[in-house]
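A short worksheet on the structure shown next.
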Amino acid sequence: MSGVEVSELVRLRTYHPEAVAEAAARRTRRPLLRAGGRLMIIAADHPARGALAVGDRRLAMANRADLLERLCLALSRPGVDGVLATADILDDLLLLGALEDRVVVGSMNRGGLAGAAFELDDRFTGHRPEDLSRLRFDAGKLLLRIDYEDPRSLDTLHSTARAIDAMAERRLPVFVEPFICYRADGRLHTDLGADAVTRSIAIASGLGGTSAYTWLKVPVTQDPDDMTRVMETSTLPAVLLGGEIGGDQEGAYEKWRKALQLPTVRGLVVGRSLLYPVDGDVARAVDTAVGLL
């Protein structure tokens, strides 16, 4: 991986902060989808939620220069379409010139900090629709976690619906990542059973005044064989999320491969498992994931 000059990024941010807007204005854009109709997006919006761990490495994503190097390498690989991240990371990548001819997806709600008592009061503390439009970014992404026992989920549902409306007004795609959640032993858990994922898709698909610009970002179910009937819940285009895969990288690839054959599934949005693979080979992990498409 080529080195990232942190000192140069700090210099630009200190003396020439308008360089970010200038880089965004001159960035070469591309369509969301190209000829194959498939998407391969690298996700890196975890740090803004305080989620810095990868496997047993608690602060793996805390070294920004290392993360940027991994992202630049991943974005340089053939078949990678773009990146999903928060403003701080996308600003760095703009300054590094790494977003030319790439799909740029801004992360919109990061307020539900991992492990916090207010985790399900998931405020929109990241990109606003107007920011994404002003910066000429290509899409937005939001997380929708629903706990039937937590009234704060209703606030997130309402905010999500209005964000979908605002994105549609600007004709900007928005990737909605829905989960049914529950608390056990003081921690928030996601239910990846077929019934729960089906319900989450049904709820997310119906939000807002139009679904014309809504995409879904969905997990592979606990039993991958359930994905066929789960994905019949909506006609919205969908991408698969990577999530935590532990040490079973090959098992994750096989799950993704099967689900990618379904008619509504258009691609992958994967982060930590490709940026921090068990064997350390980022290029190989990314190339293997691209090959699944």
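Note that this is a predicted model, so its numbers are computed, not measured.
With hydrogens and angles disregarded, no donor-acceptor distance shorter than 3.5 Å links the side chain of R272 to the backbone of G242. A distance-only check finds a donor-acceptor pair linking the side chain of T125 to the backbone of G111 [under 3.5 Å]. A donor-acceptor distance shorter than 3.5 angstrom exists from the side chain of R29 to the backbone of F137, with no hydrogens or angles considered. Put simply, the side chain of R266 gets close to the backbone of G37: a donor and an acceptor are under 3.5 Å apart. Judged by distance alone, the side chain of R110 and the main-chain N or O of T86 form no donor-acceptor pair under 3.5 Å. S133 places no side-chain N or O within 3.5 Å of a backbone atom of E130 that could act as its donor or acceptor partner. R49 contributes no side-chain N or O that, together with a main-chain N or O of A114, makes up a donor-acceptor pair within less than 3.5 Å. The backbone N or O of T28 lies less than 3.5 Å from a partner atom in the side chain of E100, making a donor-acceptor pair. Panel note: side chain S205, backbone A202; no donor-acceptor pair is recorded below 3.5 Å. Although no hydrogens or angles enter the test, the distance criterion places no donor-acceptor pair under 3.5 Å between the side chain of D138 and the main chain of V105.
Both V54 and L275 are members of a single hydrophobic cluster when ILVMFWY side chains are connected at heavy-atom separations under 4.5 Å. Cluster membership for L240 and V290, using ILVMFWY side-chain heavy atoms within less than 4.5 angstrom, is shared. Under the 4.5 Å side-chain heavy-atom criterion for Ile, Leu, Val, Met, Phe, Trp and Tyr, M167 and L207 are members of the same hydrophobic cluster.
Residues C72 and L96 come closest through the heavy atom pair SG-CD1, 4.0 Å. Residue L33 comes nearest to L39 through the heavy atom pair CD2-CG, 3.5 Å, listed as atom of the first residue, atom of the second, then distance. Of all non-hydrogen atoms in R38 and L260, the two that sit nearest each other are NH2-O, 2.8 Å. For R102 against A98, the heavy-atom pair with the smallest separation is CG-O, 4.0 Å. L241 and P219 get closest at one heavy-atom pair: CD2-N, 3.6 Å. Minimum heavy-atom separation, G140 to M108: CA-SD, 4.0 Å.
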- Apply the test salt bridge (Lys or Arg N to Asp or Glu O under 4.0 Å) to residues D101 and R34: give CA-CA distance (whole Å), side-chain angles for both, the deciding distance (0.1 Å), then the verdict. CA-CA 11 Å; D101 196 40; R34 282 187 166 154; 2.5 Å; yes
- Task: Check step by step if side chain to side chain contact (heavy atoms under 4.5 Å, CB included) holds for F179 and L143.
- Result: CA-CA 8 Å; F179 289 104; L143 179 62; 3.8 Å; yes
- Message: Pair E232, R229 - check salt bridge (Lys or Arg N to Asp or Glu O under 4.0 Å), show working.
- Response: CA-CA 5 Å; E232 291 173 348; R229 67 181 177 89; over 6 Å; no
- Under the salt bridge (Lys or Arg N to Asp or Glu O under 4.0 Å) criterion, do E149 and R183 qualify, and how do the steps go? CA-CA 9 Å; E149 300 297 322; R183 286 196 179 273; over 6 Å; no
- Message: Between R30 and D81, is the salt bridge (Lys or Arg N to Asp or Glu O under 4.0 Å) condition met? List the steps.
- Response: CA-CA 9 Å; R30 49 153 282 180; D81 293 289; 2.8 Å; yes
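H189 and Y182 have parallel rings, their planes meeting at less than 30° on a 0 to 90° scale where 60° marks the start of perpendicular.
The environment of NE2 in H16 is crowded: more than 12 heavy-atom neighbours from other residues, nucleotides or ligands sit within 6.0 Å. R77 CZ: more than 12 foreign heavy atoms inside a 6.0 Å radius.
Tested against D147 for a side chain to side chain contact (heavy atoms under 4.5 Å, CB included), the candidates T156, I180, L120, T190 yield a single pass: L120. Tested against E119 for a salt bridge (charged side-chain N to carboxylate O under 4.0 Å, His left out), the candidates R187, R145, R152 yield a single pass: R145. When each of T160, D122, D45 is checked for a side chain to side chain donor-acceptor pair (under 3.5 Å) with N109, only D122 meets the rule.
Taking the charged nitrogens against the carboxylate oxygens, D165 and R162 do have a contact shorter than 4.0 Å, which makes a salt bridge. Using a cutoff of 4.0 Å between basic side-chain nitrogens and carboxylate oxygens, R70 and D66 are scored as salt-bridged.
Using a 4.5 Å cut-off on side-chain heavy atoms (C-beta onward), L67 and P47 make contact. Contact check for P173 versus L32: side-chain heavy atoms found under the 4.5 Å cut-off.
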